[in-house]
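The first residue in the sequence is number 1, and the count goes up from there. Note that ligands are numbered from 1 as they come in the structure, with each ligand's atoms numbered from 1 the same way.
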Amino acid sequence: MVVIRGATTINRDDKEEIKRAVKELLEQIANVNQLIKDEIVSIVFSSTSDIHAYYPAKAAREAGFEGCSLFSAQEPDIHGGLSLCIRVMIFVEKDIKPRHVYLRGAKVLRKDIATVYSVAIDGPAGSGKSTVAKRLAADYHIHYLDTGAMYRACALCVVEAGLDVSDEAAVVDLMRTVELEVEYENGVQKTIVNGRDVSEDIRRPAISMAASAVSKHPSVRIHMAEQQRQIAGKMSCVLDGRDIGTFVLPDADFKFFLTARPEIRAKRRYDELVAKGHTVDFEELKAEIVRRDEQDSTRAVAPLKVAEDAVVIDTSEMTVEEVVSTIKQRMQERI
Ligand code: DC
């Protein structure tokens, strides 16, 4: 017998919300763990004390999970706990490594028994990582962590402070005084530096090269990787970056490495920047991408490279849709 755990949150105490959330949670758990309903022995729910509108167990039965025993209970009101949260424990007759599922901001309470899963997507600039990672996270209702944004935020601080990006000691000293936060608003990551939302500023082309330069410093990398591990340890996440599968989370459950020909990657970045109103020279952008690849791949600590157990996907001739469905298919094969 194996126990799978999961949790989700709802927006308001409403019967239809509860039914939707329970169905989504159970279907995700079944999907990620490749369960057929007959393998489920029983399902136990607990919900926070602010949920009254419907029994999660009843919602589960109505969602088609009816051949097993079902039970719901209400949790005591714990100060500071999550509100409007439904937790579940599913007992299954199957010899698998359970994959626990935490959706819509619900967090793991018992990290010792509940492992969350992580999807690492590494690759060079313009390989399609962030578009694909965002889509995957949205489809699986898990968090998306753009680790490049953290290096970019660091670079922005260094540039605005007029410091030299290659001066490791100065960069680290500055980072110690900066409060870098990653927040989520409607599932979209916002990068906040000392309370200021820098999500747009960090996308400026000048910051890309500076981010690559500051990311070379071992002490900066160690600091960032620690923060990234903490986030990924708390909730299921899709992380994109350069070193997720090799350094940040060498035990990530799923690892992908996206790549594409340099001219294609430059064209994608060009279109993205032009759409945002930036004026850019295509040839210059292409040269910068090649330089950045070189810098990211040759640094001494955690360089951009393919993890031994990563699935490599050349996205040059693929649509976003094709890449996303290839990744989902590979994930299904692995579980
Ligand atoms: O993915 P991006 O273009 O936003 O990343 C900007 C730079 O940050 C990239 O050139 C190298 C660095 N970076 C890194 O070293 N490790 C990561 N995990 C993510 C980004």
Side-chain angles (χ1 to χ4, degrees), residues 118-134 144-159 165-166 168 171-172 175 180 182 188-191 193 198-232 237-250 252 255-260 262 265-273 276 278 280 285-307 310 315:
S118 338
V119 185
I121 304 194
D122 288 307
S127 55
K129 295 182 311 270
S130 64
T131 312
V132 166
K134 272 182 215 152
Y144 161 57
L145 181 62
D146 171 2
T147 64
M150 298 170 72
Y151 290 97
R152 285 172 179 270
C154 171
L156 183 73
C157 294
V158 172
V159 170
V165 287
S166 63
E168 178 167 6
V171 172
V172 170
M175 283 321 284
L180 170 61
V182 176
V188 177
Q189 175 173 321
K190 289 206 167 291
T191 310
V193 170
V198 296
S199 312
E200 278 301 315
D201 290 348
I202 57 171
R203 298 291 150 199
R204 293 205 312 262
I207 301 301
S208 304
M209 211 56 209
S212 174
V214 294
S215 74
K216 273 196 337 198
H217 304 314
S219 44
V220 173
R221 298 208 70 79
I222 289 164
H223 177 71
M224 296 291 188
E226 198 40 56
Q227 295 196 9
Q228 292 155 15
R229 286 184 197 116
Q230 272 184 22
I231 295 172
C237 275
V238 180
L239 297 92
D240 81 16
R242 304 288 186 292
D243 60 341
I244 309 302
T246 50
F247 178 68
V248 178
L249 301 173
K255 294 185 188 177
F256 296 93
F257 189 94
L258 305 191
T259 178
R265 293 192 280 120
K267 177 75 173 59
R268 288 177 186 160
R269 269 291 146 92
Y270 179 82
D271 291 345
E272 215 173 271
L273 289 167
K276 281 189 184 164
H278 293 278
V280 265
L285 189 69
K286 190 169 139 198
E288 184 226 277
I289 279 193
V290 171
R291 257 188 298 140
R292 197 142 68 95
D293 286 355
E294 166 75 12
Q295 179 156 284
D296 293 343
S297 320
T298 53
R299 65 177 173 231
V301 178
L304 166 68
K305 69 168 188 218
V306 185
T315 67

Can you tell me which residue and heavy atom of the protein come closest to [atom], and the distance to 0.1 Å?
{"atom": "atom 19 (C) of ligand 1", "result": "Thr147 OG1, 3.4 Å"}
{"atom": "atom 17 (C) of ligand 1", "result": "Arg242 N, 3.4 Å"}
{"atom": "atom 6 (C) of ligand 1", "result": "Arg292 NH1, 3.4 Å"}
{"atom": "atom 8 (O) of ligand 1", "result": "Tyr151 CB, 3.5 Å"}

Are any non-hydrogen side-chain atoms of [X] and [Y] less than 4.5 angstrom apart?
{"X": "Thr131", "Y": "Arg268", "result": "no"}
{"X": "Val182", "Y": "Leu145", "result": "yes"}
{"X": "Arg152", "Y": "Asp146", "result": "no"}
{"X": "Gln230", "Y": "Gln227", "result": "no"}

- Any donor and acceptor pair, going by atom type alone, linking the side chain of Lys129 with main-chain N or O of Asp240 inside 3.5 Å?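 Absent.
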- If only atom types and distance count, is the side chain of Asp122 paired as donor or acceptor with the main-chain N or O of Asp243 below 3.5 Å?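 Checking the backbone N and O of Asp243 against the side chain of Asp122, a donor-acceptor pair under 3.5 Å is found.
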- To the nearest 0.5 Å, how far apart are CG in Asp293 and CD in Glu288?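 If we round to the nearest 0.5 Å, Asp293:CG and Glu288:CD are 10.0 Å apart.
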- Item | Pair Ser212-Gln295, side-chain donor/acceptor within less than 3.5 Å |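 Judged by distance alone, the side chains do pair up.
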- Message: Side chains of Ser127 and Arg265: any donor to acceptor distance under 3.5 Å?
- Response: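 Judged by distance alone, the side chains do not pair up.
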- Query: So is Lys216 close enough to ligand 1, meaning a heavy atom under 4.0 angstrom away?
  - Reply: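 Checking ligand 1 against Lys216, which is what was asked, there is no heavy-atom contact under 4.0 Å.
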- Any Arg269 heavy atom less than 4.0 Å from ligand 1: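 Contact check Arg269 vs ligand 1: positive.
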Heavy-atom contacts under 4.0 Å between [X] and ligand 1: side chain, backbone, both, or neither?
{"X": "Arg221", "value": "side chain"}
{"X": "Gln228", "value": "neither"}
{"X": "Arg299", "value": "side chain"}

For [X], take its heavy atoms, then give the atoms of ligand 1 lying under 4.0 Å from any of them.
{"X": "Gly241", "value": "17 (C), 18 (N), 19 (C)"}
{"X": "Lys129", "value": "1 (O)"}
{"X": "Asp296", "value": "9 (C), 10 (O), 11 (C)"}
{"X": "Arg152", "value": "2 (P), 3 (O), 4 (O), 6 (C)"}

- Item | Residue selection (non-hydrogen contact nearest atom 20 (C) of ligand 1) among Ser215, Ala302, Gly148, Ala213 |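 It is Gly148 whose heavy atom sits nearest to atom 20 (C) of ligand 1.
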